[in-house]
Amino acid sequence: MLDLKWIRENPDAFDAALKRRGGAPMSASVLEMDKRHRDAITELQSLQNRRNEASKQIGAVKSKGGDAAPIMAEVATIKDRMTALEVEEKKLGEEVRGVLLTIPNVLHKDVPDGKDEGANVEVRKWGSPRQLGFPAKDHADLGASLGLMDFTQAAVMSGARFVVLKGELARLERAIAQLMLDTHTRENGYTEMNVPLLVKPEALYGTGQLPKFEEDLFKTTNGMYLISTSEVTLTNLVAERIVEGGELPMRVTAFTPCFRSEAGAAGKDTKGMIRNHQFEKVEMVSIVAPEESEGELERMTKCATGILEKLELPYRVVALCSGDIGFGSNRTYDIEVWLPGQNTYREISSCSNTGDFQARRMNARFRPAGETKGTRFLHTLNGSGLAVGRTLVAILENYQEADGSIRVPAALKPYMGGIEVISSKK
RNA sequence: GGAGAGGUGGCCGAGUGGCUUAAGGCGCCGGUUUGCUAAACCGGUGUAUUGGGAAACCGAUACCGAGGGUUCGAAUCCCUCCCUCUCCGCCA
């Protein structure tokens, strides 16, 4: 959510920011609504002031045995106006907030302009695709021929976009998550958390999935939602809180399932486990002071790419352009891993700085160290570290051998109980 | 799910309709005293919105779990909901 005061003082910059996102100017309508709201507040407060004074007089007069009827009559005359104003003020306030909740974050000045993902800019590249010397298979074919990846039976119980992993592949997924968590907790300063997978709508308003992207989520019959990413729960750890400055930076990570309806993705990535309704992800969230967030984004991106380097998987880092960047983010780096089966780089992580955008929605503030009064909004960042399912895909495709077996990456061997090669059980 | 007890500022805790602009204490900040520390004493100490001001600041309004209601006036009375604790039942 944007700062209404900032919009008041910088209407032109606000409209320019909307334009970069491909939106129409809104400053005039927002400020008009804001003006009506504030006028209502001002009038209501002056009436409340008069009522409070009159009520005190009534008490004083009555205690002396006098006649308070004239003053009571005066209060009665302003009562109707007050009731109406209360209703109006509330309605106008909700109207303003409702509009603010649908406005995307202001982009960082260095975000490249562009209409869609075609305009994203490659920032750096690491490793080079291995020369296989035979035609690459994709992960779905590899998994099926190993007898350890079953989409058919998953569809029987759950429908499309689900998978059943078996034996060494199930273990491999667990091993990948272990490596990621161990790396982030031991080397990168993150604290491991175990968080809820079901949340109230408020939590999703806080991180920005609601109100605009409800169709991407699974909703339960009692009005809760399955999380689409543990960014939601990890970031909401500071919701409605005032954090002491000395506690910053807060770095938290979690390994959780994620649930997405993939409403707008019909026909996209229908084969394999690239785009499933349920997948596992290790997420990183950093809560920092405003001055630190730009540096933290670079740091977090390196924490994510560090995993790919441990796994010796070639990747590139891409700066998202204005047309491709997420609603709440002011700047995003996508990390794309090389997939021989698709002969291309595919997204495996997305690291975003949301500035104070989510913090405003969540009312997440901090008191700078050494200051006793006053609070400021925190800055929040989130990044996948990494998508575990897609990492498994990348390992299958990059470590495949001509006979369809999979070598276990060196970094994962300690987590695989000595297994060096995953081969067909047929 | 059943029965009971609760939810008041950073923390503890008083407060059953108007001398409460939420007592008192702890903590924290500043000051006095002091060779230093401690103690003692004095003063200060929330959040948000709104109005005024260039600003430091000054005024107003709201906030005692949340939302409604009664009343000239609500932390206090009424209704609904949420959460916590204890016991019982069920359960991984």
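Naming: A, B, ... by sequence-line order, numbering from 1 per chain. Predicted, not measured: the structure shown is a model, and the values here were computed from it.
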Heavy atoms from C-beta onward define the side chain here; which of [options] lies closest to that of [X]?
| X | options | result |
| --- | --- | --- |
| A:Arg38 | B:rU61, B:rC72, B:rU50 | B:rU50 |
| A:Thr375 | B:rA48, B:rG73, B:rU61 | B:rA48 |
| A:Thr42 | B:rU47, B:rG73, B:rU50 | B:rU50 |
| A:Ile41 | B:rC72, B:rU49, B:rU61 | B:rU49 |
| A:Lys90 | B:rC72, B:rG67, B:rU47 | B:rG67 |
| A:Val75 | B:rA48, B:rC72, B:rU61 | B:rC72 |
| A:Gln48 | B:rA48, B:rG51, B:rU61 | B:rU61 |
| A:Lys79 | B:rG18, B:rA60, B:rG73 | B:rG73 |

Taking 4.0 Å as the cut-off, does a side-chain nitrogen or oxygen of [X] come that near to OP1 or OP2 on [N]?
| X | N | value |
| --- | --- | --- |
| A:Arg365 | B:rA48 | yes |
| A:Arg51 | B:rA62 | yes |
| A:Asn49 | B:rU61 | yes |

By side-chain contact (heavy atoms from CB on, under 4.5 Å), A:Gln45 pairs with (sequence neighbours left out) A:Ile41, A:Gln48
Requested in this report: For A:Asn52, report the nucleic acid contact type (base, sugar-phosphate, nothing); a contact means any heavy atom under 4.0 Å.
Outcome: sugar-phosphate
Classify A:Arg8 by what it touches in the nucleic acid, base, sugar-phosphate, or nothing, heavy-atom distance under 4.0 Å.
sugar-phosphate
Whole angstroms only, please: what is the [atom1]-[atom2] distance between [X] and [N]?
| X | N | atom1 | atom2 | result |
| --- | --- | --- | --- | --- |
| A:Met72 | B:rG18 | CE | P | 16 Å |
| A:Glu202 | B:rA66 | CD | P | 14 Å |
| A:Glu89 | B:rU61 | CD | P | 15 Å |
| A:Met82 | B:rG73 | CE | C1' | 11 Å |
| A:Asp34 | B:rU49 | CG | P | 12 Å |
| A:Lys56 | B:rG18 | NZ | P | 14 Å |
| A:Arg360 | B:rU49 | CZ | C1' | 14 Å |
| A:Ile78 | B:rU61 | CD1 | P | 12 Å |

Check your understanding: According to the interplanar angle, ranging from 0 to 90°, do the rings of A:His277 and A:Phe218 count as parallel (below 30°), tilted (30 to 60°) or perpendicular (above 60°)?
Key -> perpendicular
Please report the distance separating the [atom1] of [N] from the corresponding atom of [M], rounded so that it comes out in whole Å.
| N | M | atom1 | answer |
| --- | --- | --- | --- |
| B:rG13 | B:rG25 | C1' | 8 Å |
| B:rU76 | B:rU8 | P | 14 Å |
| B:rU71 | B:rC85 | C1' | 34 Å |
| B:rU33 | B:rA75 | P | 44 Å |
| B:rC81 | B:rG2 | P | 12 Å |
| B:rA22 | B:rU61 | P | 12 Å |
| B:rA40 | B:rC58 | P | 30 Å |
| B:rG35 | B:rA23 | P | 37 Å |

Can a donor-acceptor pair be found, under 3.5 Å and without considering hydrogens, that links the side chain of A:Thr253 to the backbone of A:Glu283?
yes
Result for 5'-nearest mapping on RNA chain B, choosing between A:Ile58 and A:Glu53, is A:Glu53
Separation between CG (A:Leu386) and CD1 (A:Ile335), nearest 0.5 Å, reads 6.5 Å
Given Watson-Crick and G-U pairs under 3.5 Å, RNA chain B in dot-bracket ([ ] crossing, | other strand) is ((((((((.[[[..)..(.....]]]((((((.......))))))(((((((....))))))).[[[[[..)....]]]]])))))))....
Salt-bridge criterion met for A:Lys413 and A:Glu420 (N-O under 4.0 Å)
yes
Report task. Using a strict cut-off of less than 4.0 Å between a Lys/Arg side-chain nitrogen and an Asp/Glu carboxylate oxygen, indicate whether A:Glu86 and A:Lys90 qualify as a salt bridge. Result -> no
Between A:Ser27 and A:Asp15, is any side-chain donor less than 3.5 angstrom from a side-chain acceptor?
-> yes
*Answer with yes or no after comparing the ring centroid distance for A:Phe357 and A:Phe327 against a 6.0 Å cut-off, counting only values under it.*
yes
Side chain to side chain donor-acceptor pair (under 3.5 Å) with A:Asp269: of A:Arg161, A:Gln342, A:Arg346, only one passes, and it is A:Arg346
